[in-house]
Amino acid sequence: MHRLDRDRARRIAVRAQLLTEPRPAGIVETIDALTLVNVDPTAAVAPSADHVLWSRLGWPYRPADLTRAVEVDRAVFEWAGFLRPMTDLPLYRPLMRAWPPYREHREWLAANARFRQDVLDRLRADGPLRTGEIPDTAAVSWRSSGWTADRNVSQMLEFLVLGGEVALAGRDGRERLWDLSERIYPPDEELLSDEDAAHRRAQRRLGALGIARPKAPKQPVEPFDVGEAGEPAVVDGVEGPWRVDPAQLAQDDARAGRTVLLSPFDRFVFDRARAVDLFGFEYILEMYKPAAKRRWGYFALPILHDDRLVGKLDAKADRKAAVLRVNAIHEDERFTEEVAAGVDAAIADLADWLGLERA
């Protein structure tokens, strides 16, 4: 049992997420270390995948390089809302084989067996294709109280991707391109049992987080917990058990941190309970709240300084005016001169990377 103070636990978490110096060398190396990168397209500042990668790689990162890694090199694939290293594909194959887990999905697919085959045949003949290039031959429409109601083609494609028969081939602007997975995924991948794959996913997750809970509330796609991966630990002043990556314990804690403006979808802060436990950091993405009820702004960026989450930046990229508008900087703790200078420099770096002037 390892006993850690909060300072060391935070340093482990920051280092595991590649938020210290020196920076990682490339896109694939970064995604491999993080295991996954969210691809939410919301671009109040920048699309999440680009923002997450820029926050690690810095100015050398360009979105075109990510496109090349996905669409040309096939070193990265997109599945269930995240970019993942292609080397991890075998870890997700058991989840693909087990899909769909819900009766409603199984019944809809069974009722639309002909439609499913039509989609696969169309892709085989002419893929990759945009969603709008695939005819809707559904016998039963998809029912939902949300925006997916009656969007039969896109829903079928999503299901076929989750089941491993179809894959994202790339994007044309904001439109996704779909193709048969056999044309995208490597043919000679390792075959793993459900148990081995689950164990390795947990190990990879812990390696990317550094320190995590063995159990956590259930998440719809990617869990926060790591089961029995790593080694047991307790953190002084925080109730409950933790698991820690032994590789992180063996590293020197003296490596310098940085001042980083994080995406709200960054995996480093997405487990809100962990952020409170280790960093004392309260955060909610407020884009879905009425403006009058927001505390920090529509798309506030968490601010990391060294091994502390110190505040939020309320900013928006106004591309028509070619400016990065800084509406407010919320200090969770009063900024020292060092922190204030680091935040100011990070804002300037963000504006420069976006090709915008600060306003």
- Item | Criterion salt bridge (charged side-chain N to carboxylate O under 4.0 Å, His left out) on D179 and R124, from CA distance to verdict | CA-CA 8 Å; D179 207 345; R124 187 173 300 280; over 6 Å; no

- Task: Mind listing the closest non-hydrogen atom pair of V140 and N152 along with its distance?
- Result: O-OD1, 4.3 Å

- Message: Quick check for you: to the nearest 0.5 Å, what is the distance between D349 atom CG and L261 atom CG?
- Response: 8.5 Å

- Message: Please enumerate all residues that pass salt bridge (Lys or Arg N to Asp or Glu O under 4.0 Å) together with D7, with sequence neighbours excluded.
- Response: R10

- Task: To the nearest 0.5 angstrom, please state how far the CD atom of Q248 sits from the CZ atom of R8.
- Result: 10.0 Å

- Would you name the heavy atoms of D307 and V14 that are closest together and state the gap between them? CA-CG2, 4.0 Å

- Query: So, for P94 and S193, which heavy atoms are closest and what is the spacing to 0.1 Å?
  - Reply: CG-O, 4.1 Å

- Message: Using modelled atom types and a 3.5 Å cut-off, is there a donor and acceptor pairing between side-chain atoms of E286 and backbone atoms of R294?
- Response: no

- Item | Close side-chain approach of R11 and R6, heavy atoms under 4.5 Å | no

- Query: Do you know which two heavy atoms are closest between E190 and L192, and how far apart they sit?
  - Reply: OE2-CD2, 3.4 Å

- List in chain and number order the residues that pass ring pair (Phe, Tyr, Trp, His ring centres under 6.0 Å) with F115, two or more places apart in sequence or in another chain; answer none if no residue qualifies. none

- Item | Student check: side-chain heavy atoms of V37 and L34 closer than 4.5 Å | yes

- Find the distance between CD1 (I184) and CG (L89) and round it off to the nearest 0.5 Å. 11.5 Å

- Item | Q17 side chain to R267 side chain, donor-acceptor N/O pair below 3.5 angstrom | no

- Message: I'd like to know if R308 pairs up with E333 as an ion pair, taking the criterion as any Lys NZ or Arg NE/NH1/NH2 lying under 4.0 Å from an Asp or Glu carboxylate oxygen.
- Response: yes

- Between R274 and D225, is there a salt bridge with N-O shorter than 4.0 Å? no

- Would you say the side chain of K312 lies within less than 4.5 Å of the side chain of L301, judging by non-hydrogen atoms? no

- Salt-bridge test for E189 and R93: reply yes if a basic N is under 4.0 Å from a carboxylate O, no otherwise. yes

- For M1, what are the other residues in its hydrophobic cluster, where any two members join if their side-chain heavy atoms are less than 4.5 angstrom apart? V234

- Does R130 pair with D172 as a salt bridge, N-O distance under 4.0 Å? yes

- Note on the structure: OG (S48) and CG (D40) are apart, to the nearest 0.5 Å, by 5.0 Å

- So, the side chain of D88 versus the backbone of L91: is there a donor-acceptor pair under 3.5 Å, distance only? no

- Transitive ILVMFWY side-chain link L95 to V161, under 4.5 Å: yes

- Query: Under 30°, 30 to 60°, or over 60°: which ring-plane class applies to W54 and H51, parallel, tilted or perpendicular?
  - Reply: perpendicular

- Item | Of all pairs that satisfy salt bridge (Lys or Arg N to Asp or Glu O under 4.0 Å), the ones with a partner from residues 211-224, not counting sequence neighbours | R84-E222, R213-D277

- Message: For E331, is there an ion pair with R334 - N to carboxylate O distance below 4.0 angstrom?
- Response: no

- With no hydrogens and no angle check, is any side-chain donor or acceptor of S181 less than 3.5 Å from a backbone partner on E165? yes

- Query: Under 4.5 Å between side-chain heavy atoms, hopping through other hydrophobics if needed: is there a path connecting M287 to V326?
  - Reply: yes

- Task: Indicate yes or no: does D245 engage R15 in a salt bridge with an N to O separation below 4.0 Å.
- Result: no

- Query: Given E158 and R151, is the salt bridge (charged side-chain N to carboxylate O under 4.0 Å, His left out) satisfied, shown in steps?
  - Reply: CA-CA 11 Å; E158 295 280 7; R151 294 176 179 264; over 6 Å; no

- Passing option when F268 is tested against F279, Y283, F281 for ring pair (Phe, Tyr, Trp, His ring centres under 6.0 Å): F279

- Task: Identify whether L160 and W178 are in the same connected component of the hydrophobic contact network (ILVMFWY, side-chain heavy atoms under 4.5 Å).
- Result: yes

- Note on the structure: In short, F335 meets H330 closest at the heavy-atom pair CZ-O, 4.5 Å

- pair M86-Y185: side-chain heavy atoms closer than 4.5 Å: yes

- Task: Give me the ring orientation class for W108 and F159: parallel if the planes are under 30° apart, tilted from 30 to 60°, perpendicular past 60°.
- Result: perpendicular

- Test item: D136 side-chain N/O and A138 main-chain N/O as donor-acceptor pair under 3.5 Å: yes

- Item | Face-on cation placement of R272 at F270 ring, 6.0 Å and 45° thresholds | yes

- If we ignore angles and hydrogens, is there a donor and acceptor under 3.5 Å between the side chains of H199 and Q203? yes

- Worked check of side-chain contact (heavy atoms from CB on, under 4.5 Å) between L324 and L354: CA-CA 8 Å; L324 176 67; L354 294 170; 4.2 Å; yes

- Message: Quick check: do L123 and V166 have side-chain heavy atoms less than 4.5 Å from each other?
- Response: yes

- Where at least one partner belongs to residues 48-69, residue pairs that pass salt bridge (Lys or Arg N to Asp or Glu O under 4.0 Å), sequence neighbours excluded: R56-D266, D65-R68

- Is it true that H105 and W99 have ring centroids separated by less than 6.0 Å? yes

- Message: Count I, L, V, M, F, W, Y as connected when their side-chain heavy atoms are under 4.5 Å apart, and connections chain through other members. Are I211 and V226 then in the same cluster?
- Response: no

- Item | Close side-chain approach of L157 and V119, heavy atoms under 4.5 Å | yes

- Task: Go through the steps to decide whether V269 and F265 satisfy the test side-chain contact (heavy atoms from CB on, under 4.5 Å), and finish with yes or no.
- Result: CA-CA 7 Å; V269 293; F265 298 106; over 6 Å; no

- Query: Do other residues, nucleotides or ligands put more than 12 heavy atoms under 6.0 Å from E357 CD?
  - Reply: no

- Query: Under the side-chain contact (heavy atoms from CB on, under 4.5 Å) criterion, do I303 and V339 qualify, and how do the steps go?
  - Reply: CA-CA 10 Å; I303 302 171; V339 172; 6.0 Å; no

- So does R143 pair up with E104, basic N to acidic O under 4.0 Å? no

- Message: Please say yes or no: joined through hydrophobic side-chain contacts below 4.5 Å, possibly via intermediate residues, are I12 and L206 part of one cluster?
- Response: no

- Message: According to salt bridge (Lys or Arg N to Asp or Glu O under 4.0 Å), who are the partners of E107, at least two apart in sequence or on a separate chain?
- Response: R103

- Atom of V45, atom of A315 and distance for their closest heavy-atom approach: CG2-O, 3.7 Å

- Any idea how Y92 and F77 line up, ring-wise: parallel (<30°), tilted (30 to 60°), or perpendicular (>60°)? perpendicular

- Item | Worked verdict on E282 versus D332 for side-chain contact (heavy atoms from CB on, under 4.5 Å) | CA-CA 9 Å; E282 181 187 358; D332 284 17; 6.0 Å; no

- Please determine if E228 and R243 form a salt bridge, counting it only when a charged side-chain N lies under 4.0 Å from a carboxylate O. yes

- D118 and T137: side-chain donor and acceptor closer than 3.5 Å? yes

- Query: To the nearest 0.5 Å, how far apart are CZ in R358 and CD1 in I347?
  - Reply: 4.0 Å

- Straight-line distance of Q155 CD to N112 CG, nearest 0.5 Å: 11.0 Å

